[in-house]
Amino acid sequence: MRTDGPRLLAINNYFYRRGGAEAVFFDHMSLFAEMGWDVVPFAMKHEKNEPSKWSDYFVSEIEYGNQQGFVTKALDAAKVIYSFEAQRKLAQLIAAAPPMIAHAHNVYHHLSPAIFSTLKNAGVPVVMTAHDLKLACPAYKMLRQGSICEQCKGGHIYKVALNRCVKDSAAVSGVVFIETLVHRLLGLYRDKIDRIVVPSRFYREKLIEWGWPPEKLVYIPNFVDASQMKADWIEQDYFVYAGRLAPEKGIATLIRAAALAGQKLVIAGTGPEENALRDLARTVNADVMFAGYVSGENLHRLIGESKALVLPSEWYENAPISILEAYALGRPVIGSAIGGIPEMIKEGETGRIAKAGSPDDLAQALNELASLSAADRTAMGRLGRAWIQEEFSPQAYKRRMLDLYATLTPLDLAAVRPYGT
């Protein structure tokens, strides 16, 4: 049913909760729908999609894990670079439901940034949230063979193909190189997007370092609704990691640190490194329990009853929502001194910061936190919860986002400013 409020066009590759970007995408839509906005989604067709009356306008699925023939793969590669279908479908959607503003999240490899030309031609202001570093790094992580890589800085994007940065594949990396070259020549990101929302100060500074104009980059952190999460857990004797089991997450370093510190560790999640990590835990005699995939209330309990959540990442993390969720659950956080993680931890107040990739430094942080009383750790968690209720709340997010939208549209803030709702 239509509302009488402003209309937001919300854009993302996937229309189901696939990962962190999708969580922000859906939560953003919910917040604005609750304020009376008419929120219209644009995404890719997928069997896991949430239902939507606008799904007829969604573009055909591209899913790289599927078995495909050569011709299909070639056509999909062309869509990755520039999707005429996405342009056509989006133009039809804009005609059916003209938006006041468009807010995009992840669009590369599926919808393609070709849609930004369509929006610009239709006179629709465009905002995009940078969930990763794709606007600078063709491979989006600034990571190669497990180490930080910034070789493409200064326009040397050919190195993504030379170094086979994507899936260690010459073919895939070559497509990504051509994709990046075309997008930059056409100015699809730089010239067609009005503002980039950056959830961490680190990402903002990194994008500026790589040549993005500061006036286009707006720091708006992610949020969680702490009011929906309990914080009166009874602490148990373990630290916890929750997330994907991938090399850049630093879990091998965490297992070694747990062994050095003699601390119990629970690892929740699945991923390509699981078997290797299990072998490592046996080799170093670490007291580790692999809990597999855990979600919902079970995950909240697992984190809420821990001594602390540990985020040992070894790549440029943006602004992990898992940190905010741990605080909302009343627990402190130990995080690596890399990317946007340090700005989300008040050293000694809401947690500890350890050198990325250092088992010794991380072991020291584990032991320092373990040496505190349970009451002290609970107090740290409470400080974290109070911090996010002030700075990382839905109300703060709405206020910042509406202020941004008002700079790009004839939005009457006085009429749409129920920040506390």
Side-chain angles (χ1 to χ4, degrees), residues 5-6 8 10 12 17 20-37 39 100-101 103-105 125 127-131 194-205 207 214-231 300 309 311 317-333 335 339-346 349-351 380-409 411-421:
L8 169 68
N12 191 62
R17 287 184 179 265
E22 284 71 38
V24 174
F25 168 63
F26 275 98
D27 291 345
H28 182 119
M29 288 193 294
S30 295
L31 282 182
F32 277 78
E34 289 167 4
M35 286 193 293
W37 285 54
V39 180
M100 173 176 282
I101 194 163
H103 194 132
H105 293 265
V127 173
M128 177 179 171
T129 294
H131 293 282
D194 296 288
R195 295 291 186 277
I196 306 292
V197 169
V198 193
S200 70
R201 293 183 178 91
F202 174 86
Y203 266 37
R204 185 176 188 275
E205 293 306 311
L207 289 173
E215 62 273 14
K216 274 209 169 187
L217 305 171
V218 182
Y219 168 65
I220 299 181
N222 293 325
F223 70 94
V224 297
D225 189 351
S227 68
Q228 301 300 309
M229 304 170 78
K230 61 175 286 189
H300 287 179
L309 175 75
L311 205 66
E317 290 270 12
N318 190 354
I321 292 178
S322 59
I323 294 179
L324 303 181
E325 290 175 338
Y327 290 152
L329 293 165
R331 303 316 301 159
V333 175
I341 294 174
E343 67 193 68
M344 300 178 72
I345 300 173
K346 293 183 178 181
E349 296 182 35
T350 68
M380 295 176 81
R382 285 175 181 160
L383 282 174
R385 184 177 168 94
W387 185 24
I388 65 166
Q389 286 176 313
E390 180 180 351
E391 289 294 323
F392 305 95
S393 68
Q395 292 75 24
Y397 183 86
K398 285 188 286 188
R399 181 182 67 249
R400 290 163 173 150
M401 200 62 71
L402 285 170
D403 287 345
L404 169 59
Y405 289 174
T407 66
L408 302 173
T409 69
L411 183 64
D412 182 0
L413 285 179
V416 294
R417 233 187 225 283
Y419 293 149
T421 62

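Values below: all heavy atoms of this structure, side chains included; hydrogens, waters and symmetry mates excluded. When a residue number appears, it is its place in the shown sequence, counting from 1.
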Undergrad: Tell me, which pairs form a salt bridge (Lys or Arg N to Asp or Glu O under 4.0 Å) where one or both residues lie in residues 21-33, sequence neighbours left out?
TA: Arg17-Asp27

Undergrad: Evaluate Met35 against Leu402 for side chain to side chain contact (heavy atoms under 4.5 Å, CB included), listing each step before the verdict.
TA: CA-CA 11 Å; Met35 286 193 293; Leu402 285 170; 4.0 Å; yes

Undergrad: Could you go step by step and tell me if Leu404 and Met401 meet the side chain to side chain contact (heavy atoms under 4.5 Å, CB included) rule?
TA: CA-CA 5 Å; Leu404 169 59; Met401 200 62 71; 4.2 Å; yes

Undergrad: Taking the six-membered ring for Trp and the single ring otherwise, decide whether the centroids of His28 and Tyr397 are under 6.0 Å apart.
TA: yes

Undergrad: Run the numbers on Ile341 and Val333 for side chain to side chain contact (heavy atoms under 4.5 Å, CB included), then give the verdict.
TA: CA-CA 10 Å; Ile341 294 174; Val333 175; over 6 Å; no

Undergrad: Would you name the heavy atoms of Pro125 and Asp194 that are closest together and state the gap between them?
TA: CA-OD2, 3.3 Å

Undergrad: Quick one: does any side-chain atom of Glu343 pair with a main-chain N or O of Phe202 as donor and acceptor, under 3.5 Å?
TA: yes

Undergrad: Are the side chain of Asn222 and the backbone of Ala319 linked by a donor-acceptor contact shorter than 3.5 Å?
TA: yes

Undergrad: Between Arg385 and Ala328 (side chain of the first, backbone of the second, donor and acceptor by atom type, cut-off under 3.5 Å), is there such a pair?
TA: yes

Undergrad: Evaluate Arg331 against Leu309 for side chain to side chain contact (heavy atoms under 4.5 Å, CB included), listing each step before the verdict.
TA: CA-CA 7 Å; Arg331 303 316 301 159; Leu309 175 75; 5.8 Å; no

Undergrad: Using the six-membered ring wherever Trp is involved, compare the ring planes of Phe32 and Tyr405 and label them parallel, tilted or perpendicular (cut-offs 30° and 60°).
TA: tilted

Undergrad: Looking at every non-hydrogen atom in both residues, tell me the closest pair between Asn318 and Ala130 and how far apart they are.
TA: ND2-O, 3.0 Å

Undergrad: Can you spot which of Tyr327, Trp387, Phe223 makes a ring-ring contact (aromatic ring centres under 6.0 Å, His included) with Phe392?
TA: Trp387

Undergrad: Please name all residues satisfying side-chain contact (heavy atoms from CB on, under 4.5 Å) with Met100, sequence neighbours left out, ordered by chain then number.
TA: Pro6, Thr409, Leu411

Undergrad: Grab the two heavy atoms, one from Val224 and one from Pro394, that are nearest each other, plus how far apart they are.
TA: O-CD, 3.4 Å

Undergrad: Between the side chain of Arg400 and the main-chain N/O of Tyr219, is any donor-acceptor distance below 3.5 Å?
TA: no

Undergrad: His103 pairs by side-chain contact (heavy atoms from CB on, under 4.5 Å) with which of Asn12, Val197, Val39?
TA: Val197

